[in-house]
Amino acid sequence: MSSSNAIGVFDSGLGGLTAVKEFLHVLPNEEIIYFGDTGRVPYGTKSRDTIKKYSIQDTDFLLSHNVKMIVAACGTVSSVAGKMLEEKLGVPYTGVVNPTVFTAVKETVNGKIGVIGTPATVNSHSYRDRINKLNPDLKVFEQPCPLFVSLVENGIIHRDDQITRLVVKRYLSGLKESGVDTLILGCTHFPLLRDAIQDFMGDSVKLIDSGYETAVYAAKVLAEKNLLNDGGSPKAPSFFVSDTPDGFESVAGLFLGRDMEHTVTQIDIEQY
Ligand code: DGL
């Protein structure tokens, strides 16, 4: 395996781009190959078996590009299929749960941590169990927020949008009442709703987003394995999706702050 090979990052759709954005800052010398399974999003309302099957196809696609490391930039995949991928993939792997939990446990002052994610993530209790493994005294409050994924995939993310505000209030009222001082955005789609979530929860609640923490963790793993690319400027990131690139290009462009037109390629994920 050569250090000049790319890092493969995947998610069910757009959400993983929140991690890609951080990877481009934290690891500017690395080439990124991104796959968003837009034809089959959402994952978070599907069964464990389906999520595992999809994850294997997604990682097989990335491995066909000889990636040196794989990142599941998806709370759902990390929670449900993380262990399987770690054992099965022949390259270094990380999901988003562990790096995010470390930060949340460091940040909380009152010992009350909220976790929001997809139904599959919350039902797996992956974040709660990991938090309590590090510190059994911390109280964890979990809330599934399935509609957040649809809002993001459709670009309904503005803090002043009435629909966004209503859905945020509907899902987060209970967490606000429970007095959490730290809130884990346990789905990589959710940082796109960060402003609306912060407005509702108030400035005193710290929002923990997995993208940055995961990029820092990946940098550490690559350094340990002597796989950091120190050979000069990398190729531009490549983006692949399993449905038409049209909607993806405009929302992704907005988010990554670059013109994505004609840079996203559609692939047939069922053939992997
Ligand atoms: N971005 C994903 C996550 O982090 C998945 C959203 C979904 O497909 O339901 O959980």
Side-chain angles (χ1 to χ4, degrees), residues 8-23 34-59 62 70-85 93-101 103-104 114-128 130 142-157 167 171 183-194 197 207-215 217-218 239-243 247-248 251-252 255-256 269:
V9 181
F10 74 103
D11 177 44
S12 58
L14 274 163
L17 293 176
T18 58
V20 170
K21 194 176 176 197
E22 301 297 344
F23 271 73
Y34 182 79
F35 173 62
D37 197 1
T38 51
R40 305 189 294 195
V41 67
Y43 281 13
T45 48
K46 298 202 167 67
S47 70
R48 296 178 75 86
D49 284 350
T50 301
I51 296 164
K52 284 185 178 170
K53 181 184 132 193
Y54 287 176
S55 314
I56 291 171
Q57 289 177 314
D58 301 346
T59 50
L62 291 172
I70 288 187
V71 180
C74 174
T76 305
V77 169
S78 313
S79 298
V80 171
K83 202 162 180 304
M84 175 194 76
L85 292 176
Y93 160 84
T94 183
V96 292
V97 175
N98 289 349
T100 315
V101 161
T103 308
V115 177
I116 53 175
T118 65
T121 296
V122 169
N123 291 337
S124 77
H125 301 298
S126 57
Y127 285 93
R128 183 199 67 187
R130 189 74 204 154
E142 300 167 293
Q143 172 66 45
C145 304
L147 284 179
F148 280 5
V149 177
S150 311
L151 291 179
V152 169
E153 291 288 325
N154 289 286
I156 306 172
I157 54 178
V167 179
Y171 283 141
L183 179 61
I184 293 180
L185 308 181
C187 169
T188 50
H189 278 67
F190 297 179
L192 287 147
L193 293 166
R194 189 184 186 100
I197 294 172
L207 305 186
I208 313 284
D209 144 9
S210 53
Y212 174 75
E213 314 304 335
T214 306
Y217 179 76
F239 299 92
F240 297 88
V241 289
S242 54
D243 199 357
F248 184 90
V251 184
F255 182 66
L256 284 179
I269 192 64

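Just so you know, ligand 1 is whichever comes first in the structure, and atom 1 is the first atom listed for that ligand.
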Hey, is ligand 1 close enough to [X] that some N/O pair sits below 3.5 Å?
| X | answer |
| --- | --- |
| D11 | yes |
| S12 | yes |
| G44 | yes |
| H189 | yes |

What protein heavy atom sits nearest atom 10 (O) of ligand 1, and how far off is it?
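Checked against all protein heavy atoms, atom 10 (O) of ligand 1 sits closest to T76 OG1, 2.6 Å.
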Protein heavy-atom partner closest to atom 4 (O) of ligand 1 - residue, atom, separation in Å:
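Atom 4 (O) of ligand 1 sits closest to the protein heavy atom G75 N, 2.5 Å.
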Would you say CZ of F240 has more than 12 non-hydrogen atoms from neighbouring residues, nucleotides or ligands within 6.0 angstrom?
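Check passes, neighbour count above 12.
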Exceeds 12 heavy-atom contacts within 6.0 angstrom, atom OH of Y217
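12 or below, so no.
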At less than 4.0 angstrom from any non-hydrogen atom of [X], what atoms of ligand 1 do you find?
| X | value |
| --- | --- |
| C74 | 2 (C), 3 (C), 4 (O), 5 (C), 10 (O) |
| V41 | 8 (O) |
| T118 | 6 (C), 9 (O), 10 (O) |
| P42 | 7 (C), 8 (O), 9 (O) |
| Y43 | 7 (C), 8 (O), 9 (O) |

I'd like to know if the side chain of S55 and the backbone of V77 have a donor-acceptor N/O pair within less than 3.5 Å.
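Between the backbone of V77 and the side chain of S55 there is no qualifying donor-acceptor contact (under 3.5 Å).
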Decide yes or no for T121 and C187: does some side-chain heavy atom of the first lie under 4.5 Å from some side-chain heavy atom of the second?
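Side chain of T121 against side chain of C187, heavy atoms only: no contact under 4.5 Å found.
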Just let me know how T188 lines up against ligand 1, side chain, backbone, both or neither, with a heavy-atom cut-off below 4.0 Å.
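It is both backbone and side chain that touch ligand 1.
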Stepwise, does the side-chain hydrogen bond (donor to acceptor under 3.5 Å, both in side chains) test hold for D37 with Y43?
CA-CA 9 Å; D37 197 1; Y43 281 13; 2.5 Å; yes
Using a distance-only test with no angle check, is there a side-chain donor-acceptor pair under 3.5 angstrom linking S210 and T100?
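The criterion, which ignores hydrogens and geometry beyond distance, is not satisfied for T100 and S210.
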Stepwise side-chain contact (heavy atoms from CB on, under 4.5 Å) check, R48 with N123:
CA-CA 10 Å; R48 296 178 75 86; N123 291 337; over 6 Å; no
Pair D58 + R40, salt bridge at N-O below 4.0 Å
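Judged by the 4.0 Å cut-off on N to carboxylate O distance, D58 and R40 do form a salt bridge.
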Would G117 count as a contact of ligand 1 if the rule is a heavy atom under 4.0 Å away?
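No, G117 has no heavy atom closer than 4.0 Å to ligand 1.
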Identified side-chain hydrogen bond (donor to acceptor under 3.5 Å, both in side chains) counterpart of T76 within the set T118, D11, T45
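Output: one option passes, namely T118.
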